[in-house]
Number of protein chains: 2
Amino acid sequence: MEKNKKRMKMMTLDQMKDKDIGEIGTQERDKYEFDLKMEVLGDMIKSVRKQRNLTQEQLGELIGVQKSQISKLERNTKNVTVETILKVFKALKANVRFSVEMNESEFKVA
Amino acid sequence: MEKNKKRMKMMTLDQMKDKDIGEIGTQERDKYEFDLKMEVLGDMIKSVRKQRNLTQEQLGELIGVQKSQISKLERNTKNVTVETILKVFKALKANVRFSVEMNESEFKVA
DNA sequence: AAAAATGTTGAATTATATGGAAACATTATC
DNA sequence: GATAATGTTTCCATATAATTCAACATTTTT
């Protein structure tokens, strides 16, 4: 993260900003937050796809699935598999970063 | 990413370092890379759990699953669901970050 | 405003992730 | 090195993610 000055535009979601993860909320709150993240994930797919100027059908072809599947990935606030995420963004030639951080430590995963 | 100078230790995996995602490899290569990421993900769980000084059984209790399930998540190079990832790291009070970046743009998801 | 292109939805199917139980293996503790 | 604690594996059930097809809806183009 030192020399990562690659001048990037950041589209940070307000709702997604750092929050006290220590304080566990109610179950509804948890579900809400999960749905939010899933929704955002779908938005990301759509957003990147648009930037690549691809239709759902075209993206589907790249991956090997129907356009309906892409639509679902973009709109459904359902759960998703890591494999699916990687598959989609790979087709979109986008780099997926997944990291976990604790107090003082951060662990890069991909 | 500007004022993210929160002094963090980074455990970067050599194998995981930035690579040309534009150049799509063979299918075996793809699978290899996917397995790698899954393996690393498992390692992360284990690593954070250890830092929290928890046994698999204890972590399991926090989440509400058997220790065998934790073991599987840590060792299995299988696919995993986003919900599961979040659930585990939430129990570990660790913050999960997931982002997607293209050429010039980065999109924060969580 | 028709026609064509693109996106959405629902129902059904298939594949597979989640999970428990118990037996086994490994590692720590005495 | 026996005992206890921790982690692993296998077999199995259940839930649900991935996917298709086809009809429908929306948006874009002409």
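Lettering follows sequence order; numbering is per chain, from 1.
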So which heavy atom on [X] is nearest to which on [Y], and how close?
X	Y	result
A/Asn79	B/Val82	OD1-N, 3.6 Å
A/Arg49	A/Leu54	NH1-O, 2.9 Å
A/Leu62	A/Ala91	CD1-O, 3.9 Å

Rounded to the nearest angstrom, tell me the gap between atom [atom1] in [X] and atom [atom2] in [N].
X	N	atom1	atom2	value
A/Ile63	D/dT19	CD1	P	8 Å
A/Leu41	D/dA17	CG	C1'	14 Å
A/Leu73	D/dA17	CG	P	12 Å
B/Leu59	C/dG19	CG	C1'	14 Å
A/Gln66	D/dA22	CD	C1'	10 Å
B/Glu61	C/dG19	CD	P	15 Å

Scan B/Gly64 against the nucleic acid and name what it touches under 4.0 Å (heavy atoms): base, sugar-phosphate only, or nothing.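 Sugar-phosphate contact only - B/Gly64 comes under 4.0 Å of backbone atoms but never of a base.
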If you round to the nearest 0.5 Å, how far is CD of A/Gln56 from CG of A/Leu73?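 A/Leu73 atom CG to A/Gln56 atom CD measures 9.5 Å (nearest 0.5 Å).
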Between CG of B/Asn95 and OG of A/Ser99, what distance do you get to the nearest 0.5 Å?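 One finds 8.5 Å between CG of B/Asn95 and OG of A/Ser99.
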Ion pair present between B/Lys67 and B/Glu61, side-chain N to carboxylate O less than 4.0 angstrom?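 Not counted as a salt bridge, because no side-chain N and carboxylate O are separated by less than 4.0 Å.
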How far does the helix from C/dA1-D/dT30 to C/dC30-D/dG1 bend, going by the axes of its first and last five pairs, to the nearest 10°?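 Comparing the axis at each end, I get an angle of 60°.
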Write out a two-atom table: protein N or O, nucleotide N or O from nucleotides 26-30 of chain C, distance below 3.5 Å.
none

Going through the checks in order, is the side chain to side chain contact (heavy atoms under 4.5 Å, CB included) test met by B/Phe98 and B/Ile85? CA-CA 11 Å; B/Phe98 178 75; B/Ile85 295 175; over 6 Å; no
Is any side-chain N or O of B/Asn79 closer than 4.0 Å to OP1 or OP2 of C/dT16?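 No, B/Asn79 has no side-chain N/O under 4.0 Å of OP1/OP2 on C/dT16.
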Quick one: is D/dA17 close enough that its OP1 or OP2 comes under 4.0 Å of any side-chain N or O from A/Lys87?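 Negative; the distance criterion is not met.
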Can you give me the N/O atom pairs linking the protein to nucleotides 5-13 of chain D at distances under 3.5 Å, or say none if there are none?
{"from": "D/dG7", "atom 1": "OP1", "to": "B/Arg49", "atom 2": "NH1", "distance (Å)": "3.0"}
{"from": "D/dG7", "atom 1": "OP2", "to": "B/Gln56", "atom 2": "N", "distance (Å)": "2.6"}
{"from": "D/dG7", "atom 1": "N7", "to": "B/Lys67", "atom 2": "NZ", "distance (Å)": "3.1"}
{"from": "D/dG7", "atom 1": "O6", "to": "B/Lys67", "atom 2": "NZ", "distance (Å)": "3.0"}
{"from": "D/dT8", "atom 1": "OP1", "to": "B/Arg75", "atom 2": "NE", "distance (Å)": "2.8"}
{"from": "D/dT8", "atom 1": "OP2", "to": "B/Gln56", "atom 2": "NE2", "distance (Å)": "2.6"}
{"from": "D/dT8", "atom 1": "OP2", "to": "B/Ser71", "atom 2": "OG", "distance (Å)": "3.1"}
{"from": "D/dT9", "atom 1": "OP2", "to": "B/Arg75", "atom 2": "NH1", "distance (Å)": "3.0"}
{"from": "D/dT10", "atom 1": "O4", "to": "B/Lys72", "atom 2": "NZ", "distance (Å)": "3.3"}

